[in-house]
Colleague: 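Dumping the structure here so I can ask a few things about it.
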Number of protein chains: 2
Amino acid sequence: MDVPQRKQSATTASRVFDAMRHDLVNGRFAAGEKVAINGLKEQYKVGLSPLREALNRLAAYGLLVQENQRGFRVPRLDRRELDDVAGMRRELEGMALERAILNGDAEWESELLAAAHRLKRADLSPTKVDEWEQLHTRFHSTLVAPCGSVWLLRFIDQLHDQFDRYRRMAPGAPEVRKILDAQHGELVELALERDVKAARGLLEDHIDRSYQVAMGSCK
Amino acid sequence: MDVPQRKQSATTASRVFDAMRHDLVNGRFAAGEKVAINGLKEQYKVGLSPLREALNRLAAYGLLVQENQRGFRVPRLDRRELDDVAGMRRELEGMALERAILNGDAEWESELLAAAHRLKRADLSPTKVDEWEQLHTRFHSTLVAPCGSVWLLRFIDQLHDQFDRYRRMAPGAPEVRKILDAQHGELVELALERDVKAARGLLEDHIDRSYQVAMGSCK
DNA sequence: TGTTGTTATAAAATCGATTATTGTGCTTAG
DNA sequence: CTAAGCACAATAATCGATTTTATAACAACA
């Protein structure tokens with residue numbers, strides 16, 4: 001079928017925002033480093049104005065810190081901040097999952113199964129980490145999608161980006177990874193069975209284990 | 001005593017951000033209206049670059065909607081969005097208050113009493129609405145301040161701004177206002193008594209009544 | 001030696017002008 | 001009378017250059 005939706009043609013600023021968001025979340029910038037605007041200009045092949053607009057958005061989003069008259073810097077990896085982010089993820093994603101299970105329809109069940117399947121198949125190829133990450137994000141976002149609150153989803157996305165900054169910087173932990181991957185499947189099962197309590201409990205445990213891994217990035 | 005803290009001298013962009021945030025929250029812009037950048041340039045007496053940077057931040061913050069290639073617009077007042085915002089306020093501020101009561105020290109108790117008192121005294125002069133609003137925001141922010149989570153406080157601020165956009169557009173409701181004002185005092189009492197359950201219940205009721213008032217702005 | 005003041009340098013912020021895109025009204029073909 | 005196409009006007013986005021501000025290096029002085 002046709003796709004008549006008007007394709008929001010991207011501006012330079014929005015492309016830079018997307019690219020930098022991705023790079024920041026995936027640890028392409030050293031934590032705590034001052035952002036060299038002129039360097040970025042070349043790195044992303046753009047002019048100053050769209051670049052600065054992107055940096056301003058990223059700062060408002062929380063992936064950069066803006067200090068008046070002295071530019072932007074990448075936030076440090078701080079143990080207490082990670083605690084905060086992980087704790088908030090537990091609360092908010094737990095809340096969202098409960099609501100999603102109550103609201104989710106048959107279409108959601110299908111998409112959830114699909115997302116879990118794609119994720120399961122993808123993690124066999126260890127070369128394409130980026131692709132796996134994208135599917136992983138997609139899975140978690142699908143899981144809570146029908147929670148009914150736009151703002152809750154917005155906050156969760158934001159926290160997810162923050163959390164992943166830590167996780168991506170941390171050394172890998174294959175044995176834990178195995179457990180985490182298995183939990184994705186179990187989450188789907190519990191969601192389809194509409195077992196609100198158990199699902200929430202498992203998700204919180206899932207986040208907690210990821211948190212243990214992510215802690216490897218700071219101290 | 002001296003104040004040796006380096007005073008983050010403001011940039012034009014950050015001043016415009018603050019001013020526009022204030023104006024947007026207080027309904028100085030018609031909901032749904034397209035933002036005329038050239039008009040704002042004159043209104044705030046600034047150049048294009050800092051203005052656009054401020055608009056980008058406001059969009060990332062949620063007080064403006066950015067549509068690529070066709071500028072910025074003030075979000076509409078939508079009943080379902082208000083429901084969402086109010087619901088999230090209940091959840092997040094309730095959560096924050098519980099934690100604040102558990103963590104808050106003697107210093108917090110003093111500040112809370114002070115904030116409540118200032119607010120109570122201020123609402124006698126109905127001319128200076130802006131001043132009252134500021135004290136009101138300050139009170140609610142003091143109430144949850146020691147919750148221990150920077151991110152939770154950040155989300156609450158953001159929701160507060162969204163909520164106030166609706167409340168400030170709604171017609172006044174003097175009788176309800178009276179109840180709401182009384183509740184501020186009661187909240188302090190319950191907080192000092194460390195009655196977590198009751199305080200949370202009252203805060204949720206408080207938000208709910210405000211929500212009833214705010215609904216007057218849309219349908 | 002440590003402190004303060006001064007200048008040079010680098011970088012951030014801002015301006016004015018240019019380019020690209022969208023929306024509008026008119027024209028014309030069906 | 002409707003709809004598609006085309007210019008033109010309006011406005012959003014971007015560029016290149018300038019101004020402002022902070023940082024660093026150095027000198028003079030206590």
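Sequence lines set the chain letters: A, B, ... in the order given, protein chains first and strands last, and positions in each chain run from 1.
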Colleague: Without decimals, in angstroms, what is the distance between Gln69(B) CD and dT19(C) P?
Modeller: 17 Å
Colleague: Pairs in or reaching into residues 139-158 of chain A: which pass ring-ring contact (aromatic ring centres under 6.0 Å, His included), with residues at least two apart or in two chains?
Modeller: His136(A)-His140(A), Phe139(A)-His184(A), His140(A)-His160(A), His140(A)-His184(A), His140(A)-His206(A), Trp151(A)-Phe155(A), Phe155(A)-Phe155(B)
Colleague: Quickly work out the Gln66(B) CD to dT22(C) P distance and round it to whole Å.
Modeller: 15 Å
Colleague: Could you check which residues of residues 46-56 of chain A get a heavy atom under 4.0 Å from DNA chain C? Sort them by number, please.
Modeller: Leu48(A), Arg52(A)
Colleague: In whole angstrom, what separates Asn68(A)'s CG from dA11(C)'s P?
Modeller: 19 Å
Colleague: In whole angstrom, give the distance that lies between atom CG of Leu40(B) and atom C1' of dA12(D).
Modeller: 13 Å
Colleague: What's the spacing between Gln66(A) CD and Arg57(B) CZ if we round to 0.5 Å?
Modeller: 4.0 Å
Colleague: Do Glu133(A) and Arg167(A) have side chains that get closer than 4.5 Å, going by heavy atoms?
Modeller: yes
Colleague: Examine dA12(C): is either OP1 or OP2 under 4.0 Å from a nitrogen or oxygen in the side chain of Lys34(A)? Give yes or no.
Modeller: yes
Colleague: For the CZ atom of Arg99(B) and the CD1 atom of Ile101(B), what is their distance to the nearest 0.5 Å?
Modeller: 13.0 Å
Colleague: In whole angstroms, how far is the P atom of dT9(C) from the CG atom of Asn38(A)?
Modeller: 18 Å
Colleague: Less than 4.0 angstrom between a side-chain N/O of Thr11(A) and OP1 or OP2 of dA13(D), yes or no?
Modeller: no
Colleague: Would you mind reading off the distance between Phe72(B) atom CZ and dT21(C) atom P, rounded to a whole angstrom?
Modeller: 17 Å
Colleague: At under 4.0 Å between heavy atoms, what does Ala36(B) touch on the DNA or RNA strands: base, sugar-phosphate, or nothing?
Modeller: nothing
Colleague: Remember a base hit wins even if backbone is also touched, and classify Val35(A) as base, sugar-phosphate or nothing at under 4.0 Å, heavy atoms.
Modeller: sugar-phosphate
Colleague: Mind listing the side-chain donor-acceptor pairs of residues 41-49 of chain B below 3.5 Å, one per line with the distance, residues two or more places apart or on another chain?
Modeller:
residue: Tyr44(B); atom: OH; partner: Asp23(B); partner atom: OD2; Å: 2.7

Colleague: Would you say Arg70(B) reaches dG23(C)'s phosphate, i.e. side-chain N/O to OP1/OP2 under 4.0 Å?
Modeller: yes
Colleague: Would you indicate whether Arg138(A), at its atom CZ, is surrounded by more than 12 heavy atoms from other residues, nucleotides or ligands within a distance under 6.0 Å?
Modeller: no
Colleague: Any chance you could measure Asn103(A), atom CG, to Ser149(A), atom OG, to the nearest 0.5 Å?
Modeller: 10.5 Å
Colleague: Whole angstroms only, please: what is the CZ-P distance between Arg73(B) and dG23(C)?
Modeller: 10 Å
Colleague: In whole angstrom, give the distance that lies between atom CD1 of Ile37(B) and atom C1' of dA10(D).
Modeller: 13 Å
